[in-house]
Trainee: 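Encoded as structure tokens, here's the structure I'll be asking about.
Sequence lines set the chain letters: A, B, ... in the order given, protein chains first and strands last, and positions in each chain run from 1. In this text the structure is predicted, and so the values were computed from the model without any measurement.
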2 protein chains.
Amino acid sequence: MGRPPKFSRERLQAAALEIVDEEGLAALTMRSLAARLGTGPMTLYNHVEHRADLDLLVVDAVTASVRLPEPSDDWRVDVEGIACALWQAARAHPQAIPLILTRRSRSAAVLDVSEALACALARGGRTGADLLVAFRAVIGMVGGFAQAELTSPLAVEPAGDVIERIQAEGSRYPCLAGIAESARGSEPEAEFLGALRALLAGLNAA
Amino acid sequence: MGRPPKFSRERLQAAALEIVDEEGLAALTMRSLAARLGTGPMTLYNHVEHRADLDLLVVDAVTASVRLPEPSDDWRVDVEGIACALWQAARAHPQAIPLILTRRSRSAAVLDVSEALACALARGGRTGADLLVAFRAVIGMVGGFAQAELTSPLAVEPAGDVIERIQAEGSRYPCLAGIAESARGSEPEAEFLGALRALLAGLNAA
DNA sequence: ACCTGAACACCGTTCAAGT
DNA sequence: ACCTGAACACCGTTCAAGT
């Protein structure tokens with residue numbers, strides 16, 4: 001006989017994201033998610049196919065948290081607003097960023113956000129290959145900055161010894177040493193907006 | 001008594017990258033790498049600390065394969081050349097891209113490439129925060145495009161059904177449907193260069 | 001210093017059985 | 001339709017022992 005599923009998709013997404021936020025990526029396992037839901041590991045297989053689907057639950061949870069701005073009459077404002085909303089959502093869940101960058105989800109949430117960005121760029125007068133390039137460039141910029149804060153040699157919170165090492169070997173890495181100094185007083189928001197605006201200006205001029 | 005290490009760092013890097021190239025990320029384990037080197041799993045702990053270090057071996061192997069161009073007298077040419085070299089190296093190892101995007105390596109290879117890019121941008125007259133923003137933006141663009149080819153809803157080789165689905169739901173995703181059409185005849189190299197040049201032009205104008 | 005096998009706790013998943 | 005425990009192959013790693 002039929003039964004209502006024990007867990008909704010939203011419940012699964014929320015629980016998976018909680019684990020990643022609280023304990024990190026490695027802590028997300030079939031068993032840990034089941035335990036958090038108060039059930040046994042095998043029950044999850046009624047809702048997902050593979051372990052890899054747990055990663056998609058996290059990506060979809062973060063994507064669903066993106067607060068898209070209302071479209072205005074200025075496509076440039078809209079593109080900035082959407083890109084910022086994406087970036088902010090990612091930054092709110094730093095542990096999940098590697099998944100956001102590398103997992104391919106095709107949920108409605110992901111397509112909705114993509115569509116909003118594509119439409120805003122299209123309203124800027126782009127079509128065809130130009131629109132494709134602009135779309136990829138903006139998405140790339142968002143992902144790149146989100147990740148740069150975590151992973152670049154000039155990450156906002158570097159391993160601590162890294163900037164020291166670059167500066168100690170200043171003769172070998174003079175340019176990086178200079179950048180590293182600037183990165184100490186880094187303002188991520190201003191940097192992201194600055195890069196995004198430069199990109200949009202360049203795309204527009206082309 | 002002292003003994004020369006059984007495996008060089010380069011040997012470990014090459015073997016790890018081979019596994020990822022041939023069998024995918026999930027196939028890279030302590031045991032599989034040891035087996036490929038013809039030894040037991042425990043031997044690896046003489047060369048690395050954790051499993052996570054295997055990922056860094058892969059990143060360093062790919063980074064070491066980057067062929068940096070000779071500096072010219074045109075910083076713009078240099079930046080494009082370095083960015084392209086990075087992008088090409090990543091594309092030559094598509095299975096490794098998720099690691100390149102998300103793992104933080106501080107090897108000399110990574111710092112050398114970063115330094116080359118930072119210096120080329122600095123030769124364009126940038127300093128301080130402007131240089132930092134330009135550095136992050138270019139790095140972000142490279143990573144973003146490398147990943148976009150794999151993961152975006154408009155990936156070059158989408159799951160197949162994805163573009164169909166977007167187009168079938170054309171009324172819901174009209175803008176994405178248009179982009180998806182363009183993506184079918186996509187030329188990754190032209191797109192990457194187009195986006196990079198737009199970015200550089202925009203950065204320069206700011 | 002470096003190598004290595006045995007052993008342990010943990011993981012994803014198959015199977016078979018339950019309602 | 002959906003839930004679940006037992007069991008298996010596999011993984012990272014500790015420990016103790018070898019040269």
Side-chain angles (χ1 to χ4, degrees), chain A residues 1-61 95-96 98-99 102-105 107, chain B residues 1-61 95-96 98-99 102-105 107:
Chain A
M1 61 188 178
R3 236 195 285 195
K6 197 170 175 186
F7 305 108
S8 70
R9 184 93 187 157
E10 290 71 26
R11 179 89 189 82
L12 294 173
Q13 287 177 354
L17 182 55
E18 280 168 28
I19 291 173
V20 171
D21 280 343
E22 294 168 16
E23 305 171 53
L25 281 184
L28 179 63
T29 69
M30 285 287 191
R31 292 166 131 97
S32 72
L33 181 56
R36 181 166 288 247
L37 293 168
T39 186
M42 291 318 300
T43 299
L44 290 181
Y45 284 92
N46 295 302
H47 299 86
V48 301
E49 262 188 82
H50 329 283
R51 159 60 241 264
D53 292 336
L54 301 196
D55 291 344
L56 296 183
L57 288 175
V58 174
V59 173
D60 290 342
Q95 308 245 47
L99 299 185
T102 60
R103 266 38 166 199
R104 164 190 252 146
S105 167
S107 67
Chain B
M1 60 185 176
R3 236 196 283 194
K6 198 171 177 186
F7 304 108
S8 71
R9 184 94 187 155
E10 289 71 25
R11 180 89 189 82
L12 294 174
Q13 287 177 354
L17 182 55
E18 280 169 28
I19 291 174
V20 171
D21 280 343
E22 293 169 16
E23 305 171 53
L25 281 184
L28 179 64
T29 68
M30 285 286 193
R31 291 165 130 98
S32 72
L33 181 55
R36 179 166 289 248
L37 293 168
T39 186
M42 291 318 300
T43 300
L44 291 181
Y45 284 92
N46 295 303
H47 299 86
V48 302
E49 262 189 82
H50 330 283
R51 158 63 242 262
D53 293 335
L54 301 196
D55 291 343
L56 296 184
L57 288 175
V58 174
V59 173
D60 290 342
Q95 309 244 50
L99 299 185
T102 60
R103 266 41 168 196
R104 166 189 252 146
S105 166
S107 67

Trainee: Distance-only, no hydrogens or angles: does the S105(B) side chain make a donor-acceptor pair with backbone N or O of D60(B) under 3.5 Å?
Mentor: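 No.
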
Trainee: Over all heavy atoms of both residues, which pair between M30(A) and L54(A) is shortest? Give the atoms and the distance, please.
Mentor: N-CD1, 3.8 Å

Trainee: Checking contacts here: which listed nucleotide (dG5(D), dT13(D), dC2(C)) is nearest the side-chain heavy atoms of M42(B)?
Mentor: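 Between dG5(D), dT13(D), dC2(C), the one nearest the side chain of M42(B) would be dT13(D).
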
Trainee: Applying side-chain contact (heavy atoms from CB on, under 4.5 Å) to V48(B) and L56(B), what does each step give before you reach the verdict?
Mentor: CA-CA 10 Å; V48(B) 302; L56(B) 296 184; over 6 Å; no

Trainee: State the CZ-OG1 distance between F7(B) and T39(B), to the nearest 0.5 angstrom.
Mentor: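 Answer rounded to 0.5 Å: 5.0 Å.
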
Trainee: Which residues pass the side chain to side chain donor-acceptor pair (under 3.5 Å) test with E10(A), sequence neighbours left out?
Mentor: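 Expected list: none.
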
Trainee: Are L57(A) and L33(A) packed together at the side-chain level, in the sense that at least one heavy-atom pair is separated by less than 4.5 angstrom?
Mentor: yes

Trainee: Test of understanding: with side chain to side chain contact (heavy atoms under 4.5 Å, CB included), list the residues that count as partners of R36(B), not counting sequence neighbours.
Mentor: A15(B), E18(B), I19(B), E22(B), E23(B)

Trainee: Is there side-chain contact between L25(A) and D55(A), with heavy atoms separated by less than 4.5 Å?
Mentor: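 Contact flag for L25(A)/D55(A) side chains = no.
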
Trainee: Please give, in whole Å, the distance from dC2(C) C1' to L44(B) CG?
Mentor: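 Taking atom C1' of dC2(C) as the reference, CG of L44(B) is at 13 Å.
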
Trainee: Could you work out, with side chain to side chain donor-acceptor pair (under 3.5 Å) as the rule, every residue matching T102(B), not counting sequence neighbours?
Mentor: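 So T102(B) forms no side chain to side chain donor-acceptor pair (under 3.5 Å) with any residue.
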
Trainee: Heavy atoms, side chains only, cut-off 4.5 Å: are R103(A) and V58(A) in contact?
Mentor: no

Trainee: May I ask you to list the residues of residues 20-34 of chain A, by number, that have any heavy atom positioned under 4.0 Å from an atom of DNA chain C?
Mentor: T29(A), M30(A), R31(A)

Trainee: Between T39(B) and dC3(C), is there a side-chain N or O to OP1/OP2 distance below 4.0 Å?
Mentor: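 Answer is no, no contact under 4.0 Å.
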
Trainee: Measure from CG on L37(B) to P on dC3(C) and round the result to the nearest Å.
Mentor: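 Answer to the nearest Å: 11 Å.
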
Trainee: Can you tell if the side chain of R51(A) reaches within under 4.5 Å of the side chain of L28(A), non-hydrogen atoms only?
Mentor: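 Result yes, sub-4.5 Å side-chain heavy-atom pair found.
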
Trainee: Look at the side chain of K6(A) and decide which nucleotide, out of dT14(D), dC3(C), dC3(D), has an atom nearest to it.
Mentor: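 Closest nucleotide to the K6(A) side chain: dC3(D).
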
Trainee: Could you write out DNA chain C as dot-bracket? Rules: Watson-Crick or G-U wobble, both distances under 3.5 Å, brackets [ ] for crossings, | for pairs with another strand, dot for unpaired.
Mentor: ||.|||||...|||||.||

Trainee: Using a 4.0 Å cut-off on heavy atoms, which residues in residues 45-59 of chain B reach DNA chain C? List them by number, or say none.
Mentor: N46(B), H47(B)

